[in-house]
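In this chain, numbering begins with 1 at the start of the sequence shown.
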Amino acid sequence: MVENKNTDHCPVELTALILGKKWVPTIIFTLKDSELRLGELQRLLGCSKKILIEQLNILILHKIIENRKVYKGNTIESYYKLTDCGSELLPILVNMKSFGCKFEENIKK
């Protein structure tokens, strides 16, 4: 979580603080095409429910994803999807993936 409300942060540093958290890039990339329930996300990512909920709550706090609750009788289903702000991170993640692939090739040489 970005706790310091100091407005003097370098924009690159601020983006790195957000994307540098474990599972965050993977969560964002997984939500790129659709809205998913907690169980679906957990199954796709393979991380623990506790860690996933912690990261989802941080992303909600920063308005990168949103949580929509659907009430079905006595049960509540939570759906997670990217906000417009979260969608703006996708090109960054695509570029990071591309760089990572090229970097991996270079270090194997």
Side-chain angles (χ1 to χ4, degrees):
M1 177 169 39
V2 181
E3 295 180 17
N4 188 351
K5 298 278 184 181
N6 184 352
T7 57
D8 295 335
H9 276 299
C10 165
V12 174
E13 178 186 4
L14 189 57
T15 305
L17 283 171
I18 293 166
L19 292 178
K21 302 293 182 190
K22 187 165 178 131
W23 294 105
V24 166
T26 310
I27 291 168
I28 293 169
F29 210 74
T30 302
L31 290 172
K32 72 179 174 19
D33 294 322
S34 61
E35 181 178 67
L36 296 171
R37 292 189 359 226
L38 179 64
E40 294 170 316
L41 262 174
Q42 185 181 4
R43 202 169 26 260
L44 289 168
L45 298 174
C47 66
S48 76
K49 187 175 183 178
K50 178 182 183 257
I51 296 293
L52 180 57
I53 290 171
E54 286 174 6
Q55 296 307 319
L56 289 171
N57 286 335
I58 290 169
L59 291 169
I60 290 167
L61 180 68
H62 291 300
K63 297 179 172 52
I64 293 171
I65 64 169
E66 62 186 23
N67 179 3
R68 181 175 64 90
K69 296 186 185 299
V70 176
Y71 298 89
K72 293 188 176 181
N74 292 336
T75 61
I76 302 171
E77 292 182 355
S78 289
Y79 291 85
Y80 297 91
K81 71 175 190 173
L82 291 177
T83 61
D84 290 340
C85 178
S87 294
E88 289 183 32
L89 291 168
L90 290 171
I92 297 168
L93 294 174
V94 168
N95 285 333
M96 287 174 66
K97 179 181 177 185
S98 176
F99 173 82
C101 290
K102 290 175 187 172
F103 185 76
E104 184 177 40
E105 285 176 22
N106 287 336
I107 61 174
K108 286 181 179 178
K109 290 180 183 178

[X] versus [Y]: any side-chain heavy-atom pair under 4.5 Å?
X     : Y     : answer
Ile64 : Ile58 : no
Ile92 : Thr15 : yes
Ser34 : Leu36 : yes

Legend entry - Transitive ILVMFWY side-chain link Ile53 to Tyr79, under 4.5 Å: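 Per the 4.5 Å side-chain linkage, Ile53 and Tyr79 are not co-clustered.
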Legend entry - Main-chain N/O of Thr26 paired with Thr30 side-chain donor or acceptor, under 3.5 Å: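 Answer holds: yes.
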Legend entry - Expected output: side-chain Ser78 to main-chain Lys69 donor-acceptor under 3.5 Å: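 Absent.
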Inset, instruction - Decide yes or no on salt bridge (charged side-chain N to carboxylate O under 4.0 Å, His left out) for Glu54 and Lys50, but give the supporting numbers first. - result: CA-CA 6 Å; Glu54 286 174 6; Lys50 178 182 183 257; 3.3 Å; yes
Distance-minimising heavy-atom pair for [X] and [Y]:
X     : Y     : value
Tyr80 : Leu31 : O-CD2, 3.4 Å
Gly86 : Ile28 : O-CG2, 4.1 Å
Leu38 : Lys49 : CD2-CE, 3.6 Å
Gln55 : Ile27 : CB-CD1, 3.7 Å
Val70 : Arg68 : CG2-NH1, 3.1 Å
Cys85 : Lys63 : CB-O, 3.7 Å

Once rounded to the nearest 0.5 Å, what's the spacing between atom [atom1] of [X] and atom [atom2] of [Y]?
X     : Y     : atom1 : atom2 : value
Asn67 : Glu35 : CG    : CD    : 9.0 Å
Trp23 : Leu45 : CH2   : CG    : 6.0 Å
Leu19 : Leu93 : CG    : CG    : 5.5 Å
Leu82 : Asp33 : CG    : CG    : 9.5 Å
His62 : Leu14 : NE2   : CG    : 8.5 Å
Leu41 : Leu56 : CG    : CG    : 6.0 Å

Inset, instruction - Tell me, yes or no, whether the heavy-atom count around Asn106 atom CG, taken from other residues, nucleotides or ligands under 6.0 Å, exceeds 12. - result: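 It does: Asn106 CG has more than 12 such atoms within range.
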Inset, instruction - Given salt bridge (charged side-chain N to carboxylate O under 4.0 Å, His left out), test Lys72 with Glu77 step by step and report yes or no. - result: CA-CA 7 Å; Lys72 293 188 176 181; Glu77 292 182 355; 3.5 Å; yes
Inset, instruction - Establish, for the pair Lys32 and Phe29, whether the NZ or CZ atom is under 6.0 angstrom from the six-membered ring centre and no further than 45 degrees off its axis. - result: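 Yes, Lys32 sits over the ring of Phe29.
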